[in-house]
Peer 1: 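This is the structure I have questions about; it appears just below.
Within every chain, numbering begins at 1; the chains are lettered A, B, ... in the order of the sequence lines, protein sequences first and strands thereafter. Computed from a prediction, not measured in an experiment: that's the story for all the values here.
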There are 2 protein chains.
Amino acid sequence: MHAKGPRYQQVAASLIDEIKQGRWPVGELLPTELDLCERFGVSRHTAREALRRLRDAGMIERRQGSGTRVAALAPRIAYEQRVSSIEDLLQYGKATKLEFSSIERRAADRTIAQWLDCSLGAATICMHGQRRDRASRALLCVTDVHVVATPDAEQRYGTTPPLALATMLADLNISRLSRVEQSFAAIPMPKSAAGELNTRAGAPALAALRRYFDRSGKLILAAHSVHPGNTFTLSMSLGHDVIARR
Amino acid sequence: MHAKGPRYQQVAASLIDEIKQGRWPVGELLPTELDLCERFGVSRHTAREALRRLRDAGMIERRQGSGTRVAALAPRIAYEQRVSSIEDLLQYGKATKLEFSSIERRAADRTIAQWLDCSLGAATICMHGQRRDRASRALLCVTDVHVVATPDAEQRYGTTPPLALATMLADLNISRLSRVEQSFAAIPMPKSAAGELNTRAGAPALAALRRYFDRSGKLILAAHSVHPGNTFTLSMSLGHDVIARR
DNA sequence: CAGTATAAGTTGTCCGGACATTTTGCCGAG
DNA sequence: CTCGGCAAAATGTCCGGACAACTTATACTG
């Protein structure tokens with residue numbers, strides 16, 4: 001059946017087949033390493049290598065002292081975007097720069113409450129700013145950054161625009177960040193932004209809403225940008241085969 | 001310096017430091033496994049584990065018989081989107097369905113030549129279609145799929161709309177696909193699409209251009225969709241630390 | 001000189017063993 | 001009954017060794 005390639009790949013392929021066929025439901029304990037050694041007639045090293053591949057594929061989770069449990073019935077397929085900073089993720093080059101021009105307190109309306117995942121009327125802080133080309137200072141888009149006005153946020157954001165920007169960049173540090181949600185929509189250019197962007201109100205504009213979450217799943221902040229007509233390009237690559245790779 | 005955690009993590013951390021400091025430029029050969037064993041006073045197993053972590057982090061590339069070379073000066077940071085099908089990647093649910101209504105030959109104009117990465121005037125095939133809700137058959141967007149008209153493509157696509165759709169789905173198989181490039185832009189609703197979508201020409205519309213590449217980097221096809229006002233949401237998670245993870 | 005066989009060097013696979021760390025259940029003390 | 005300690009079980013770390021597969025350079029042959 002799985003007679004090709006290294007022994008650990010054969011073991012891994014067998015286990016994948018059995019998991020796919022539902023021999024162990026999600027959450028169920030797999031046989032222990034020693035059981036697998038006996039069953040497949042391999043050393044513990046080989047069994048562990050097979051299990052490691054399944055783990056890299058997201059099919060199992062292992063816990064020292066506890067055991068190995070099924071996490072998914074199929075290998076995960078992950079498209080990934082390699083980045084070296086949050087700016088890369090957003091496809092802004094290093095040639096652009098965000099500046100805040102004003103900070104205001106707002107009670108969350110329906111839209112903002114949905115963005116910030118808070119109750120209607122909750123106190124929020126809204127920072128309004130512009131992203132400009134670093135050299136020509138040409139205006140690229142206008143941005144509103146929203147945070148829930150906790151006492152902590154009040155102290156760290158509710159100061160001056162430059163300080164609020166620094167606070168935001170610190171909060172969006174790679175080591176804190178865990179998930180980013182990006183939404184794109186075509187909207188008529190709002191009157192408020194039309195003046196700044198020197199375009200006609202009602203013309204097609206690209207609105208991008210980005211919500212940033214930390215490792216615990218808590219929302220850090222939401223940023224809403226309006227672009228005159230720009231194109232956003234996201235390039236994603238399919239990850240490598242974690243089972244068969246050398 | 002790196003006195004905490006397992007030995008292989010200490011070795012990995014040391015090597016990462018040295019690579020970051022430029023001791024070995026990108027492309028340079030690292031010491032062999034046995035050299036590292038001697039230098040750090042560890043077994044080959046431990047040295048290999050350390051190197052494996054660096055490889056998972058994208059910092060080195062290894063080739064049997066040849067050696068270990070530096071691939072990057074810093075660990076890669078990858079945001080990933082877990083998907084189980086190409087439809088998931090595009091955020092279309094299983095509740096929608098694409099249908100082709102017509103196929104026509106076209107000489108590439110400037111726009112299409114840029115999309116398909118071919119010369120101006122080259123022969124192309126364009127399939128026009130609609131994505132509908134599977135249940136209500138409500139029209140969600142109109143799509144044009146473009147391929148370069150090679151003899152092979154001519155035979156496989158230049159037939160009937162249903163066969164062309166099947167061919168496209170086969171070509172976009174997960175196992176062939178390697179990279180997807182998505183661009184979003186706000187455009188005025190084109191007159192041609194306004195009729196089909198039952199909207200006013202000139203109203204804000206979201207145009208999505210998606211280009212699909214195979215493992216060799218060759219473009220498979222380009223798909224251009226126009227949506228009345230829909231929102232596209234992409235959710236991406238930061239990959240786990242491949243160095244320190246258990 | 002061209003091409004081929006050979007040898008050395010390097011990483012990949014696989015085995016066996018030992019001890020550490022973490023989790024879990026059991027059992028007894030209070 | 002509750003709590004703590006203890007032992008069993010499971011995975012994690014680390015060692016040593018052996019051979020296989022692959023790459024590269026060398027030496028040899030025609």
Peer 1: With a 3.5 Å distance limit and no angle check, can you tell me whether A:R211 reaches the backbone of A:W115 through a side-chain donor-acceptor pair?
Peer 2: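 At least one qualifying donor-acceptor pair exists.
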Peer 1: How long is the line joining CD of A:E61 and P of D:dA10, in whole Å?
Peer 2: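 In whole Å, D:dA10 P lies 19 Å from A:E61 CD.
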Peer 1: What integer distance in Å separates B:R55:CZ from C:dG12:C1'?
Peer 2: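 Result: 11 Å.
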Peer 1: If I take atom CZ in residue B:R69 and atom C1' in nucleotide C:dG9, what distance separates them, rounded to the nearest angstrom?
Peer 2: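 Between C1' of C:dG9 and CZ of B:R69: 14 Å.
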Peer 1: Any sub-3.5 Å donor-acceptor pair from B:R82's side-chain atoms to A:A78's backbone N or O?
Peer 2: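 Checking the backbone N and O of A:A78 against the side chain of B:R82, no donor-acceptor pair under 3.5 Å is found.
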Peer 1: Give the rounded distance in Å between these two atoms: NE2 of B:H45 and P of D:dA18.
Peer 2: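 Rounded to the whole Å, the gap is 18 Å.
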Peer 1: Side chain to side chain donor-acceptor pair (under 3.5 Å) for A:Y212 and A:D171? Distances and angles first, verdict last.
Peer 2: CA-CA 10 Å; A:Y212 302 86; A:D171 278 355; over 6 Å; no
Peer 1: In whole Å, what is the span from the CD atom of B:Q64 to the C1' atom of C:dA8?
Peer 2: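 My rounded result for the distance is 15 Å.
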Peer 1: Please report the distance, rounded to the nearest Å, between CD in B:E49 and P in D:dG16.
Peer 2: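 These atoms are roughly 17 Å apart.
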Peer 1: Under 4.0 Å, heavy atoms only, any strand: does A:R44 hit a base, just the sugar-phosphate, or nothing?
Peer 2: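 Base contact.
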Peer 1: Does the B:R134 side chain pair with the main chain of B:K94, one donor and one acceptor, at a distance under 3.5 Å?
Peer 2: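 Indeed, once roles are kept as given, a pair shorter than 3.5 Å links the two residues.
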Peer 1: What is the distance, rounded to the nearest whole Å, between atom CD of A:Q10 and atom P of C:dT13?
Peer 2: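 A:Q10 atom CD is separated from C:dT13 atom P by 12 Å.
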Peer 1: Is there a donor-acceptor pair under 3.5 Å between the side chain of B:R55 and the backbone N or O of B:I60?
Peer 2: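 No: the side chain of B:R55 does not pair with the backbone of B:I60.
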Peer 1: Give a yes/no answer on whether the side chain of B:R62 brings an N or O atom under 4.0 Å of OP1 or OP2 in C:dG12.
Peer 2: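 Looking at the OP1 and OP2 atoms of C:dG12, one of them is under 4.0 Å from a side-chain N or O of B:R62.
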Peer 1: Using the side-chain heavy atoms of B:P6, tell me which of these nucleotides is nearest: D:dT11, D:dC14, C:dT24.
Peer 2: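 For the B:P6 side chain, the nearest candidate turns out to be D:dC14.
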Peer 1: For a quick test of reading the model: is some side-chain N or O of B:T68 closer than 4.0 Å to OP1 or OP2 of C:dT10?
Peer 2: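 No, B:T68 has no side-chain N/O under 4.0 Å of OP1/OP2 on C:dT10.
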Peer 1: For D:dC14, does either OP1 or OP2 sit under 4.0 Å from a side-chain N or O belonging to B:Y8?
Peer 2: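 The answer is no; no side-chain N or O of B:Y8 sits under 4.0 Å from OP1 or OP2.
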Peer 1: Can you tell which of D:dC15, C:dC14, C:dG12 lies closest to the side chain of A:R246?
Peer 2: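 Side chain of A:R246 sits closest to C:dG12.
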Peer 1: Which ones in residues 33-41 of chain A lie close to DNA chain D, meaning a heavy atom under 4.0 Å from one of its atoms?
Peer 2: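 Result for residues 33-41 of chain A: A:E33, sorted by number.
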Peer 1: Just compare D:dC14, C:dT22, C:dG12 and give me whichever is closest to any side-chain atom of B:R48.
Peer 2: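 Nucleotide nearest to B:R48's side chain: C:dG12.
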Peer 1: Looking at B:R63, I'd like to know whether one of its side-chain N or O atoms comes within less than 4.0 Å of OP1 or OP2 on C:dG12.
Peer 2: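 Negative; the distance criterion is not met.
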Peer 1: Counting neighbours of CD on B:E61 that are heavy atoms of other residues, nucleotides or ligands and sit closer than 6.0 Å, is the number greater than 12?
Peer 2: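 For B:E61, atom CD is not crowded (no more than 12 foreign heavy atoms under 6.0 Å).
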Peer 1: Measure from CG on B:L29 to P on C:dG9 and round the result to the nearest Å.
Peer 2: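 My rounded result for the distance is 15 Å.
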Peer 1: Map A:S43 and A:S66 onto DNA chain C by nearest heavy atom, then report which one ends up closer to the 5' terminus.
Peer 2: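 So the residue in question is A:S43.
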Peer 1: Can you tell me if B:R110 has over 12 outside heavy atoms packed within less than 6.0 Å of its CZ?
Peer 2: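 12 or below, so no.
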